[in-house]
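Read the structure below first, then the notes.
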Amino acid sequence: MATVELTKETFEEVIKNNPFVIIDFWAPWCGPCRTLGPTLERMAEQMNGRFVLAKVNADSNMELGREYKVQSIPAVKLIIDGKQVDEFTGALPENQIRAFLDHAIPTEADKLFDQGADADEVGDGEKALAFYDQALELEPNHFGAVIGKCGILVANGQMEEARELMDLLGPAAANDPAARQLR
């Protein structure tokens with residue numbers, strides 16, 4: 001279920017059953033809505049389940065529009081675990097929408113990194129390393145997974161392997177305190 005039509009009647013079920021929901025308030029007469037809608041639908045498909053796109057016809061669901069303080073359309077609201085955490089209005093270019101989504105909605109690699117960090121925090125380096133490796137299989141330059149894995153490699157005395165892995169981060173590592181400490 002990548003895209004659903006949202007009404008007052010279906011609202012609770014969609015919000016309750018999906019941790020990440022993008023609500024797109026639109027109307028048939030709105031030109032920018034006709035540009036933004038297909039872009040969001042395509043991205044929902046491409047991002048393969050990272051979020052549910054809930055389309056709300058603002059003309060026939062005015063109560064939801066009022067509830068979400070929609071002043072103009074298109075209006076896009078980001079709902080995480082049932083609470084609105086961010087929004088934008090207007091038909092943004094795809095690269096800006098992707099940045100908006102990537103910033104707020106974790107990838108599978110992000111989730112694996114979090115599990116690795118949790119294991120690392122309780123001292124289970126072997127389990128943490130396995131999660132970091134899985135994250136790096138999905139995203140070879142995942143910053144957090146590289147830093148986490150390097151920390152374990154350094155602790156195990158595997159300096160050369162840690163150096164090689166840190167090189168993947170390039171200049172991004174220069175501004176990060178954890179990366180500087182590992183170097």
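All values below come from the heavy atoms of this structure, side chains included, with hydrogens, waters and symmetry mates left out.
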Are any non-hydrogen side-chain atoms of [X] and [Y] less than 4.5 angstrom apart?
| X | Y | value |
| --- | --- | --- |
| Leu165 | Lys149 | yes |
| Glu87 | Lys69 | no |
| Asp59 | Pro28 | yes |
| Ile97 | Asn95 | no |
| Thr89 | Pro74 | no |
| Leu36 | Trp26 | no |
| Val56 | Val70 | no |

Could you please spell out the steps behind the side-chain contact (heavy atoms from CB on, under 4.5 Å) verdict for Ile79 and Val85? CA-CA 6 Å; Ile79 311 299; Val85 297; over 6 Å; no
Above 12 or not: heavy atoms from other molecules or residues under 6.0 Å from CD of Glu94? yes
Surrounding CD of Gln46 (heavy atoms of other residues, nucleotides or ligands, distance under 6.0 Å), is the total greater than 12?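 Yes.
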To the nearest 0.5 Å, tell me how far [X] [atom1] sits from [Y] [atom2].
| X | Y | atom1 | atom2 | result |
| --- | --- | --- | --- | --- |
| Leu40 | Met47 | CG | CE | 10.5 Å |
| Arg50 | Met43 | CZ | CE | 9.0 Å |
| Phe131 | Phe113 | CZ | CZ | 12.5 Å |
| Asn17 | Thr10 | CG | OG1 | 11.5 Å |
| Arg42 | Leu53 | CZ | CG | 12.0 Å |
| Asp81 | Phe20 | CG | CZ | 6.5 Å |

Go through the side-chain N and O atoms of His142 and Asp110 and say whether any donor and acceptor fall under 3.5 Å apart.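 Yes, because at least one side-chain N or O of His142 sits under 3.5 Å from a partner of the opposite role on Asp110.
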Of the non-hydrogen atoms in [X] and [Y], which two are nearest, and what is the gap between them?
| X | Y | value |
| --- | --- | --- |
| Ile152 | Gly125 | CD1-O, 3.6 Å |
| Gly148 | Tyr132 | C-CE1, 3.3 Å |
| Cys150 | Met166 | SG-CG, 3.5 Å |
| Ala75 | Ser72 | CB-O, 3.4 Å |
| Val52 | Val14 | CG1-CG1, 4.4 Å |
| Gly116 | Ala128 | O-CB, 3.2 Å |

As a test of understanding, state which of Thr3, Ile22, Ile23, Leu6 forms a side chain to side chain contact (heavy atoms under 4.5 Å, CB included) with Lys55.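 So the option named by the test is Thr3.
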Is there a side-chain contact (heavy atoms from CB on, under 4.5 Å) between Val21 and Phe51 once you walk through the steps? CA-CA 5 Å; Val21 179; Phe51 67 92; over 6 Å; no
Set out, in order, the CA-CA distance, both residues' side-chain angles and the distance that settles side-chain contact (heavy atoms from CB on, under 4.5 Å) for Asn141 and Val146, then state yes or no. CA-CA 7 Å; Asn141 296 329; Val146 168; 5.7 Å; no
Looking at [X] and [Y], would you say the former's side chain and the latter's main chain have a donor-acceptor pair under 3.5 Å?
| X | Y | value |
| --- | --- | --- |
| Asp124 | Asp120 | no |
| Asn156 | Gln158 | no |
| Lys77 | Asp24 | no |

After noting the C-alpha distance and the side-chain angles of Leu129 and Glu126, does the key distance pass the side-chain contact (heavy atoms from CB on, under 4.5 Å) rule? CA-CA 5 Å; Leu129 199 54; Glu126 189 175 311; 5.8 Å; no
So, are Arg163 and Glu160 salt-bridged, with charged N and O less than 4.0 Å apart? yes
Are Lys8 and Glu67 close enough for a salt bridge, meaning some N to O gap below 4.0 Å? yes
Does the side-chain hydrogen bond (donor to acceptor under 3.5 Å, both in side chains) test come out yes or no for Glu139 and Thr107, once each step is laid out? CA-CA 9 Å; Glu139 291 180 35; Thr107 64; 2.8 Å; yes
Students often mix this up, so state it plainly: with edges at 30° and 60°, are the rings of Phe100 and Phe88 parallel, tilted or perpendicular? perpendicular
Shared ILVMFWY cluster between Leu112 and Leu153, side chains joined below 4.5 angstrom?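 No: no chain of side-chain contacts under 4.5 Å links Leu112 to Leu153.
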